[in-house]
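This structure is a prediction, so every number in the text was calculated from the model and none was measured. Positions are given from 1 along the sequence.
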Amino acid sequence: MSERVVVIGGDATGMSAASQARRLKNAGELEIVVFERGHYTSYSACGIPYWVGGEVGARDDLIARTPAEHRARDIDLRLRTEVLELDVPGQRVRWRDLESGAESWLSYDKLVLATGATPIRPPLPGIDAPGVHGVQTLDDGQALIDTLESNPGRRAVVVGAGYIGVEMAEALIHRGYQVTMVNRGPEPMSTLDPDMGVVVRKAMEGMGIKVIGDAEVTGIRTAADGRVEAVTTTDAEYPADVVVLGLGVRPNTDLARAAELPLGPAGGLVTDLAMRVRGHENIWAGGDCVEVLDLVSGTLRHIPLGTHANKHGQIIGSGVGGDYATFPGVVGTAVSKVCDLEVARTGLREKDARAVGLQYVTVMIESTSRSGYYPGTAPMTVKLLAERRTGRLLGVQIAGREGAGKRIDIAAVALTVRMTVEQMVALDLGYAPPFSPVWDPVLVAARKAVSAVRRDSRA
């Protein structure tokens, strides 16, 4: 007899899970129904800033697999359909067609929650005015592009200086806008320590972006026609013809909360290693709506990234399809760029280490992307945290030009296998003048950290 799996959410996790489950079981064994409230499936939200900025030519370039392609694989995909309620004891969901308004219940044998994350949009005056844009979905990206192309003004304000904020600042620079970034924290990129945020800020200012730190936004001022005119803070005002919000996201777990499913400290669903929701053998969850184990600190964290979401989908699809796979956790690796500056981090920041009671030493070094004599070499800053006495690597942050960002992968592997900085120094990394100095910048930082750990131990 066929089982029915209901998937809520049709992007990275949901469609990866549905596709993997279909590979394992045919339609006669497993009926797969996917509810997606938007117009698109399986697209790269991470690519939206580059589409807005013109580096990606068209919206469809960001779509990995169309609804028609999914349906051709016997997946019952229902677009523009929102799930309103979970009846966990009764094993059913209540859904509504957003076009017709029709509502009904659908039963399930297995349930997959891939509801993603919701952009933070504070209830400020003018926040919903024409010309104010969030950027999460393809529809959001198209709306922003339409505004940019029809707007006679050239002043943009980006509110928030996280990954989306800095990437959208770059996109707007490419569009020929004068860009001001307003940030609540002292420096951009709160995923970095402030001393590394300084490096990012100086680079952004060198690109012509005005960066305002320690600024609390109090509202959006509008003109007589209702359109955005300026962003106001507690002590200043910044003229704007368009405003982009980059204030981060929170797990979209309203359905799960109402159904009394287990949530973690950040409000994300809590799962076991197989991505099953704890305490529920027939419910799985993954992607931006869950919290994952941080392998460095041993705590649960909400880290909304497409890399995790796709892996979660594969693991969930295996479980739904009767196979077995697990997701052990993450070390918190992320990479971004603003214009030609690459920014990367993995592991713990100083405040993360303090929060879990770890004692540490830090080092910061300046190096170059290539041998100093080779054409095109560029400066690079690396910061490294290591545990006191043991020397275990705790975190790495990098900022620099071409070739800086992907160096973070060295540290990500070292963190995953719990290397000490002394062990890192012995790594046999590739070398040639076009690619790195004789001592790679990450190893220079590790070598300096070895000395710092030894000095600290003697002290």
Side-chain angles (χ1 to χ4, degrees), residues 49 117-129 131-136 140 144 155-173 177-205 207-222 228-252 265-268 288 301-305 332 334 336-338 341 343 345 348-355 383 397 399:
T118 302
I120 295 171
R121 199 177 183 100
L124 297 173
I127 196 75
D128 295 320
V132 180
H133 293 268
V135 184
Q136 187 188 34
D140 294 337
L144 176 56
R155 300 169 303 179
V157 173
V158 178
V159 180
Y163 293 115
I164 292 297
V166 298
E167 289 168 0
M168 290 310 306
E170 175 185 4
L172 292 164
I173 286 285
Y177 274 71
Q178 299 172 10
V179 180
T180 300
M181 174 173 284
V182 180
N183 184 36
R184 187 175 186 177
E187 302 293 347
M189 300 292 287
S190 62
T191 53
L192 306 176
D193 287 318
D195 52 2
M196 287 295 287
V198 171
V199 178
V200 177
R201 172 175 54 80
K202 289 180 177 178
M204 294 176 70
E205 289 171 341
M207 299 166 193
I209 299 169
K210 186 176 182 179
V211 182
I212 310 297
D214 291 321
E216 187 75 33
V217 174
T218 56
I220 310 293
R221 184 164 62 78
T222 56
V228 61
E229 193 170 54
V231 172
T232 61
T233 68
T234 50
D235 54 8
E237 184 173 277
Y238 303 97
D241 303 300
V242 62
V243 174
V244 177
L245 304 176
L247 296 169
V249 298
R250 63 170 181 82
N252 182 9
D288 293 356
R301 294 179 60 192
H302 179 237
I303 305 179
L305 287 175
S336 185
K337 78 180 187 77
V338 54
L341 179 72
V343 184
R345 54 96 64 208
L348 306 183
R349 299 165 295 180
E350 290 193 47
K351 72 176 185 178
D352 300 325
R354 289 193 298 268
K383 179 176 181 177
Q397 300 164 36

Give, for atom [atom1] of [X] and atom [atom2] of [Y], the distance between the pair rounded to the nearest 0.5 Å.
X    : Y    : atom1 : atom2 : answer
L247 : R184 : CG    : CZ    : 9.5 Å
L124 : E216 : CG    : CD    : 8.5 Å
L245 : I164 : CG    : CD1   : 11.5 Å
L348 : Q397 : CG    : CD    : 10.0 Å
L144 : M168 : CG    : CE    : 5.0 Å
M207 : L341 : CE    : CG    : 5.0 Å

Once salt bridge (charged side-chain N to carboxylate O under 4.0 Å, His left out) is applied, do any residues pair with [X], and if so which ones, sequence neighbours excluded?
X    : answer
D193 : K383
E167 : none
R221 : E229, E237

Is any side-chain heavy atom of [X] less than 4.5 Å from a side-chain heavy atom of [Y]?
X    : Y    : value
M189 : M196 : no
V158 : I209 : no
V179 : M204 : no

Closest non-hydrogen atom pair, [X] against [Y]:
X    : Y    : result
G332 : R345 : O-NH1, 2.7 Å
H302 : D288 : NE2-O, 2.6 Å
V242 : H133 : CG2-CD2, 4.0 Å
V228 : V243 : CG2-CG2, 3.5 Å
P49  : A171 : O-CB, 3.3 Å
Q136 : D140 : N-OD2, 3.0 Å

Among V199, V200, T191, V166, whose side chain to side chain contact (heavy atoms under 4.5 Å, CB included) with V343 holds?
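Option passing the side chain to side chain contact (heavy atoms under 4.5 Å, CB included) with V343: V200.
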Applying side-chain hydrogen bond (donor to acceptor under 3.5 Å, both in side chains) to T232 and T218, what does each step give before you reach the verdict?
CA-CA 6 Å; T232 61; T218 56; 3.1 Å; yes
Counting only N and O atoms by type, is there a donor-acceptor contact under 3.5 Å from the side chain of [X] to the main-chain atoms of [Y]?
X    : Y    : answer
R349 : P194 : no
T180 : K210 : no
D241 : R155 : yes

As a quick check of understanding, evaluate side chain to side chain contact (heavy atoms under 4.5 Å, CB included) for M181 and L172, giving each step before the final call.
CA-CA 11 Å; M181 174 173 284; L172 292 164; over 6 Å; no
Heavy-atom neighbours of R250 CZ exceed 12 at 6.0 Å
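Above 12, so yes.
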